[in-house]
A.B. asks: 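Structure in structure tokens, see below.
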There are 2 protein chains.
Amino acid sequence: MIRNSNIDNFLYDFEHSCQKVQKKTFAKGETITSYIEKRNQFCILLSGNADLVRYDLNGNKTIVEHFSKNNIFGEVFYIVTTNNELLVEAKENCEVLFFIYDDINKKCQKNCKFHQTLTQYLPELILSKVIDLNMRIELLTKRSIRDKLLSYFSILSTRKLSTSFELPYSLTDLADYLSIDRSAMMRELKLLKEDGFVTKTGNRITLNYK
Amino acid sequence: MIRNSNIDNFLYDFEHSCQKVQKKTFAKGETITSYIEKRNQFCILLSGNADLVRYDLNGNKTIVEHFSKNNIFGEVFYIVTTNNELLVEAKENCEVLFFIYDDINKKCQKNCKFHQTLTQYLPELILSKVIDLNMRIELLTKRSIRDKLLSYFSILSTRKLSTSFELPYSLTDLADYLSIDRSAMMRELKLLKEDGFVTKTGNRITLNYK
DNA sequence: CATTTTTAGTTGCAAAAGCAACAAATTTCT
DNA sequence: AGAAATTTGTTGCTTTTGCAACTAAAAATG
């Protein structure tokens, strides 16, 4: 079972032998790609981190997905509707591999090492994406802000094997990620502290369950 | 590109040659499986349809996911937390294939046709799952009941290539799927009708956009 | 290192959504 | 066909959440 194994730099040091793949670098704040229908674009984030954001007609921003090292993304995973624009924005400097999904299974002319490695790891990469998406849905289907926060904290706690952990986002981004109003989230967080469920020092959260 | 192609009965008529695979039948209402950690169970729904449901500590039910023909599911796609039970329930009579995810890539002793077919189609199956999950997240991140309904209708409309379509769920289930209160949803639906955005006859919806 | 920008933290008020409790209509079951 | 169960449709009331508008603190930037 390869789940949760450390795939680390498996793609990072590939030999640029493959003509079908492009590697690009982006500075913080730049737009890495926008999702355009039927392009079948597939991307791998080699370093840095980025957000898939949606801007609706009212200008509201939603963080649809967050990507970190070795996460995959691209329009190939989406049915793009005309209603709103989906953009991937670099949160810090990023290196990204781009290619067209159709090309993955087609054997590369040179039968390059990169292609071999990619097809070998692809199921694992997609599986971990599915797990992430399911986790997100788990959170989003919680009916109250309190439940969303507690579930999210519980997941982080399980991951770190500790009741104490750092928040990976700013509180502003966390509200976007949970798809709730920031001030309402702050209010609920305050209540959670007052009720003794959590302790917060800086961006470190400690769960106090009995 | 195999996306959106008709994979149809590719697994249905396999020759039962593979010992690692079990095929089981379920009657409407039966529990197909429950998600138990580290079992690495992977399932394919051959016929019928089923829901992944969560019952929380208050007894509230949430439809986490809905499965129809050729959809894949199983605990392998989940990080199972102890907080709540995840069950797959047959909504009508179902046929399901079960196996352990680890076995997929291991070559079957007999190198059976089933295994070959499965590995061939697996990326397509997982990809369509990712597309479904992303669509769901798109809906769940919408901030109001009105936006959720309109987005959902818009997706169905795009799929059917028509402004008129049947709802695949009962309204009760739709509310669970969108993770909103049913009576609040009914109220909003009424307003949408009154405002002339949609027309509803039976469970057929027609969008009236200008 | 001073200044701009972003993030955190608060609060009153308004709007939206949830809850509960029905009746009516449909569907399912025997 | 008749009874039972489920789904639809509705409403008054309550609670939660969102919105707007701030100040304070922290971080980024030239």
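Side chains are part of it too, since the values below use all heavy atoms of this structure and drop only hydrogens, waters and symmetry mates.
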A.B. asks: Can you find an N or O donor on one side and an acceptor on the other, under 3.5 Å apart, linking the side chain of B:R182 with the base of C:dG18?
C.D. replies: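 No, the side chain and the base share no sub-3.5 Å donor-acceptor pair.
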
A.B. asks: Can you confirm whether the side chains of B:R39 and B:T33 place a donor and an acceptor under 3.5 Å from each other?
C.D. replies: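 There is such a pair (donor and acceptor under 3.5 Å, judged by atom type) between the side chains of B:R39 and B:T33.
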
A.B. asks: How many Å lie between CG on A:L191 and C1' on C:dT10, as a whole number?
C.D. replies: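 So the CG-C1' distance, A:L191 to C:dT10, works out to 12 Å.
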
A.B. asks: Calculate the interatomic distance between A:D181 atom CG and C:dT11 atom P; express it in whole Å.
C.D. replies: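 Taking atom P of C:dT11 as the reference, CG of A:D181 is at 15 Å.
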
A.B. asks: Nearest-Å distance, CD (B:E92) to P (C:dT28)?
C.D. replies: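 The distance from CD of B:E92 to P of C:dT28 comes to 11 Å, rounded to the nearest Å.
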
A.B. asks: Side chain of B:S144, heavy atoms from C-beta onward: which of D:dG9, C:dA17, C:dG9 has the nearest atom to it?
C.D. replies: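 Output: C:dA17.
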
A.B. asks: Nearest heavy atom decides the nucleotide; on that basis, is B:K190 or A:I180 closer to the 5' end of DNA chain D?
C.D. replies: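 Mapping each residue to its closest nucleotide by heavy atoms, the 5'-most match is B:K190.
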
A.B. asks: Take the protein atom CD1 of A:I145 and the nucleotide atom P of D:dT17, then report the distance between them rounded to whole Å.
C.D. replies: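 After rounding, the gap between these two atoms is 4 Å.
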
A.B. asks: Please determine whether any donor N or O and acceptor N or O are separated by less than 3.5 Å between the side chain of B:S183 and the base of C:dA20.
C.D. replies: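 Flag set: donor-acceptor pair detected.
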
A.B. asks: Under the salt bridge (charged side-chain N to carboxylate O under 4.0 Å, His left out) criterion, do B:R54 and B:D176 qualify, and how do the steps go?
C.D. replies: CA-CA 11 Å; B:R54 181 186 64 214; B:D176 282 343; over 6 Å; no

A.B. asks: Note down the inter-axis angle between the two ends of the helix from C:dC1-D:dG30 to C:dT30-D:dA1, five pairs each, to the nearest 10°.
C.D. replies: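 Answer for the end axes of this duplex: 70°.
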
A.B. asks: Between A:Y169 and B:R187, just flag the one whose closest nucleotide in DNA chain C comes earlier from the 5' side.
C.D. replies: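 Upstream on the strand: A:Y169.
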
A.B. asks: If you count heavy atoms of other groups shown closer than 6.0 angstrom to NZ of B:K160, is the number above 12?
C.D. replies: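 No, because the 6.0 Å sphere around NZ of B:K160 holds 12 heavy atoms or fewer from other groups.
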
A.B. asks: Can you tell me how the ring of B:F67 sits relative to the ring of B:F73, calling it parallel under 30°, perpendicular over 60° and tilted otherwise?
C.D. replies: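 Judged by the thresholds at 30° and 60°, the geometry between B:F67 and B:F73 is parallel.
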
A.B. asks: Check whether any side-chain N or O of A:E75 sits under 3.5 Å from a backbone N or O of A:Q41 as a donor-acceptor pair, and report yes or no.
C.D. replies: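 Yes: the side chain of A:E75 pairs with the backbone of A:Q41.
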
A.B. asks: Over all strands shown, is A:L189 touching base, sugar-phosphate only, or nothing at heavy-atom distances under 4.0 angstrom?
C.D. replies: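 A:L189: no heavy atom of the nucleic acid under 4.0 Å.
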
A.B. asks: Looking at D:dG9, I'd like to know if its phosphate oxygens (OP1 or OP2) sit under 4.0 Å from a side-chain N or O belonging to B:K200.
C.D. replies: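 So the side-chain polar atoms of B:K200 do come within 4.0 Å of the phosphate oxygens OP1 or OP2 of D:dG9, strictly under.
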
A.B. asks: Has A:K28 got a side-chain N or O lying under 4.0 Å from the OP1 or OP2 atom of D:dA28?
C.D. replies: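 Indeed not, no polar side-chain atom of A:K28 lies that close.
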
A.B. asks: How many whole angstroms separate atom NZ of B:K148 from atom C1' of D:dT17?
C.D. replies: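 Spelled out: NZ on B:K148 to C1' on D:dT17 is 12 Å.
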
A.B. asks: Would one find a side-chain N or O of A:S170 under 4.0 angstrom from OP1 or OP2 of C:dT6?
C.D. replies: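 Answer is no, no contact under 4.0 Å.
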
A.B. asks: Using whole Å, what does the distance between atom P of nucleotide D:dT6 and atom CG of B:D176 come to?
C.D. replies: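 Distance check: B:D176 CG to D:dT6 P gives 14 Å.
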
A.B. asks: Do other residues, nucleotides or ligands put more than 12 heavy atoms under 6.0 Å from the CZ atom of B:R204?
C.D. replies: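 Yes, enclosed.
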
A.B. asks: 5'-most contact on DNA chain D: A:R146 or B:L171, nearest heavy atom basis?
C.D. replies: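 Nearest-nucleotide comparison on DNA chain D picks B:L171.
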
A.B. asks: Do the rings of B:Y169 and B:H66 sit parallel, tilted or perpendicular, given the 30° and 60° boundaries?
C.D. replies: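 Answer is perpendicular, since the angle exceeds 60°.
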
A.B. asks: In whole angstroms, how far is the P atom of D:dT11 from the CD atom of B:E188?
C.D. replies: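 So the two atoms are 15 Å apart, to the nearest Å.
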
